[in-house]
Structure formats: structure tokens, C-alpha cells
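Accompanying notes for the structure given below.
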Amino acid sequence: MSYFVNLYKKLFLVRYDFDEAIPYYQTSDFKGLKEKEETFINSSNAEIHYFTYFYSPVKHNKVILFLPGMGPGHKAYFKEIATLAKSGYKVITLDYEGCGVSGGEKLLSMYSPTKDTLELIHHINIKEDLVLVGHSLGAFTALNVINKINKIKKAIIISGFLNVENAMRGFIPSRLIAKKIAKYESSNNTLLLDDNLSYLKSTTNNILFIHSKDDKKAKYKLMIKPIQKLNNKHLDFIIEEGKRHNPNYTLESVKYKDDIIDNYFKKLRKGEFKDLEERKAYLKDASLEKLTAQDETIINKIIQFIG
């Protein structure tokens, strides 16, 4: 196995736990929000935790399945989830294998969230119309799932990528190395997924892409431009500027996150904190509201699209 594949596995296919120093919203922070936590055992024999959030009464007969990006789990997206629930929807989400409160030694693959999501959908057997909303790796997962399940007709793809090579190009300048990693992932992918670009060319499903032109992780020219060239009337786009990897946030929130959280991780990588207490002290004045402020114009367009 090549050096670069081993490095990829070491850096990306790891266990994603919550950083105890970073503040996260809890259900109790949103008055009236109800939570139901359940589990199932996936095909890798890991216990997957999934959650249902809603305000009573639920106003819409569509159910949103929110798919988180790479990281510790759905709590990193709690503001988005609570906002969608506040709009009258039942929102289901999960922590993937190796992430958050779910079991598993590590994230097994870029495709394992797709596997977990497909198995979750089979497990809960939702009767209502299901709409997928995903960010980053969760957006890639949403594309894979809507590609695979015919009865799902709508998805919202936020800062997503088409395939593993596309994703790696956000971290690795070399296309050759990105291809090697994609080949490794494909060799371990038992889902037999069709190419997402081919799917998007002919689909009659309604899919909304939300992206920022300056996204360095999911590059606009690699993700959005090829899709726009398909000229499929069922595909819609909201293109932002200056939002980087969080186009559904306000510009002020994106800048605040860069100043606070990104600097925190830079310091953490450089070993500038002695212990957890120093890390907590650095973030003690961080405002969750500022870190997660949603762009209301974008949110309204999302709600209108979901219907």
C-alpha cells in the first residue's frame, strides 16, 4: 500500500470524538425542542445512535434526514437541526460509526456514512416523504443515498463533493495522489454506487446545491461547475461568496469561526496548550450564537425548497 494511502488512513480514517473544550448546544438550550435517542446495530456490528428532534405539534408531513459532515457527530450541527425543527419538521439525524456517541473504533471509510445511512433508513422504515440535508461528507453521503434509493425525491447538498477524488483535492494539490486514495476507497466500497455526475445528468429528483465560491475544502470548480454544465432543470443552485465551507452561515459567523475555532485548532496542532484546562480557558468566552448564526435568507430558501 502506498505511503499516501497510509497517510490518508492515519489522518482521515480515525475515531472522531467530541473535543471537551469546544462548546456545543444541547437540547435544553432550545425551549420546547423534544429529543428521542435510539440505537441499532449496523452491518459492521457497531452500535449506531440516531436521534429524532421536533417541536410539538409537527406541522409538516415531510421528514428531514440531516447528515453531518466529518467530525464528532450531529451535535456540531445542532443549530441547523434545531432551526429546521423549529420550522415545523421532524428531523432525524445520526452519529456515524466511529463518530460522536456511536460505537466503532474509527471511521472506516468515506463510504461508511453512506452505509450507515442506508441501514438507518431501512431500520426505521419511514412512511412520510424523506428529504435529505447534508453538509460536506454528509452532503456526499446524501448524494450517494438519493442515487441509491428511488423513493427519495429531494436533497439539499451543502458544501459537498462528487466523489472521493474530488474531496481529496481540497486537501491535496496532487491529482495523482487524490486518484490513488480514491482508488483505494473504491476497492473497499461494496455499495456498488453509480457515478454521481452521471446520476445528476439524468435525474428527475429535485436537488438544491448550496456552495461558496471560495470553499477550499470542497472546491467550487471541481464540484459545482461540472454539475451546472449538465443543464438539468431539476438541479438548483445557491452560490455564495466569502462563506468558505459554511455557506448557510452569515458572513460575520464565518469570520468569527475563523478567528476563534480555526485559531484554536492551529494552536492545538502546534502544542501551545498545556492541558484541557488551558484549552477550555481559551474558548471560555466563545459565543455559540455567533459561531452558528444561520443566514436567514438561505434558511428561508431551504424551507421553501423542502416544501
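Here, residue 1 is the first one in the sequence, and each next residue gets the next number.
Connection of Ile152 to Ile207 is established within a shared hydrophobic cluster, with ILVMFWY side chains joined at heavy-atom distances below 4.5 Å, either directly or through further cluster members. Note on Ile48 and Phe51: separate hydrophobic clusters, where clusters join Ile, Leu, Val, Met, Phe, Trp and Tyr whose side-chain heavy atoms are under 4.5 Å apart, directly or indirectly.
The ring pair (Phe, Tyr, Trp, His ring centres under 6.0 Å) contacts involving residues 239-264 comprise His135-His245, Tyr264-Phe273, where partners must be two or more places apart or lie in separate chains. Pairs of residues two or more places apart, or lying in two chains, that qualify as salt bridge (charged side-chain N to carboxylate O under 4.0 Å, His left out) and include a residue from residues 252-268 are Arg244-Asp258, Lys255-Asp259, Lys257-Asp262, Lys267-Glu272. Pairs of residues two or more places apart, or lying in two chains, never qualify as side-chain hydrogen bond (donor to acceptor under 3.5 Å, both in side chains) while including a residue from residues 150-163. Each ring pair (Phe, Tyr, Trp, His ring centres under 6.0 Å) pair with one or both residues in residues 216-238, not counting sequence neighbours, appears once here: Phe209-Phe237. Pairs of residues two or more places apart, or lying in two chains, that qualify as salt bridge (charged side-chain N to carboxylate O under 4.0 Å, His left out) and include a residue from residues 84-108 are Glu97-Lys115. Note on residues 123-137: no pairs pass salt bridge (charged side-chain N to carboxylate O under 4.0 Å, His left out), not counting sequence neighbours. Applying the ring pair (Phe, Tyr, Trp, His ring centres under 6.0 Å) rule to pairs touching residues 144-172 yields Phe12-Phe171, Phe140-Phe161, sequence neighbours excluded.
You'll find the ring centres of His123 and Tyr50 inside the 6.0 Å limit. The ring of Phe78 has its center closer than 6.0 angstrom to the ring center of Tyr53. Aromatic ring centroids of Phe54 and Tyr89 lie 6.0 Å or more apart.
For the side chain to side chain contact (heavy atoms under 4.5 Å, CB included) criterion with Ile172, the lone passing option out of Met168, Arg169, Arg175 is Met168. For the side-chain hydrogen bond (donor to acceptor under 3.5 Å, both in side chains) with Asn248, the lone residue among Glu240, Gln294, Lys243 that qualifies is Gln294.
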- [ ] Check the pair His49, Glu37 against side chain to side chain donor-acceptor pair (under 3.5 Å), reporting the backbone distance first and the verdict last.
- [x] CA-CA 7 Å; His49 289 243; Glu37 180 177 354; 2.7 Å; yes
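Every residue two or more places apart in sequence or in another chain that forms a side chain to side chain donor-acceptor pair (under 3.5 Å) with Ser109 is listed here: Glu185. Remark: Asn232 engages no residue in a side chain to side chain donor-acceptor pair (under 3.5 Å) (not counting sequence neighbours). Legend: residues meeting side chain to side chain donor-acceptor pair (under 3.5 Å) with Thr117, ordered by chain and number and at least two apart, are absent. In this structure Ser43 satisfies the side chain to side chain donor-acceptor pair (under 3.5 Å) test together with Glu119, sequence neighbours excluded.
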Donor-acceptor pairs under 3.5 angstrom involving side-chain atoms of residues 299-307: please list them, not counting sequence neighbours.
{"from": "Asn300", "atom 1": "ND2", "to": "Glu296", "atom 2": "O", "distance (Å)": "3.2"}

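Between Lys79 and Thr83, the shortest heavy-atom distance links the atoms O-OG1, 2.7 Å.
Counting heavy atoms of neighbouring residues, nucleotides and ligands inside a 6.0 Å radius, atom CG of Asp275 exceeds 12 of them.
A salt bridge links Arg15 and Asp17; the closest N-O separation between the charged side-chain nitrogens and carboxylate oxygens is under 4.0 Å.
Remark: side-chain polar atoms of Asn42 are paired, donor with acceptor, to backbone N or O of Ala46 under 3.5 angstrom. Proximity of a side-chain donor or acceptor of Thr203 to a complementary backbone N or O of Leu200 within less than 3.5 Å is not detected. Although no hydrogens or angles enter the test, the distance criterion places a donor-acceptor pair under 3.5 Å between the side chain of Ser186 and the main chain of Ala182.
Between the side chains of Glu35 and Thr27, at least one donor N or O sits under 3.5 Å from an acceptor N or O.
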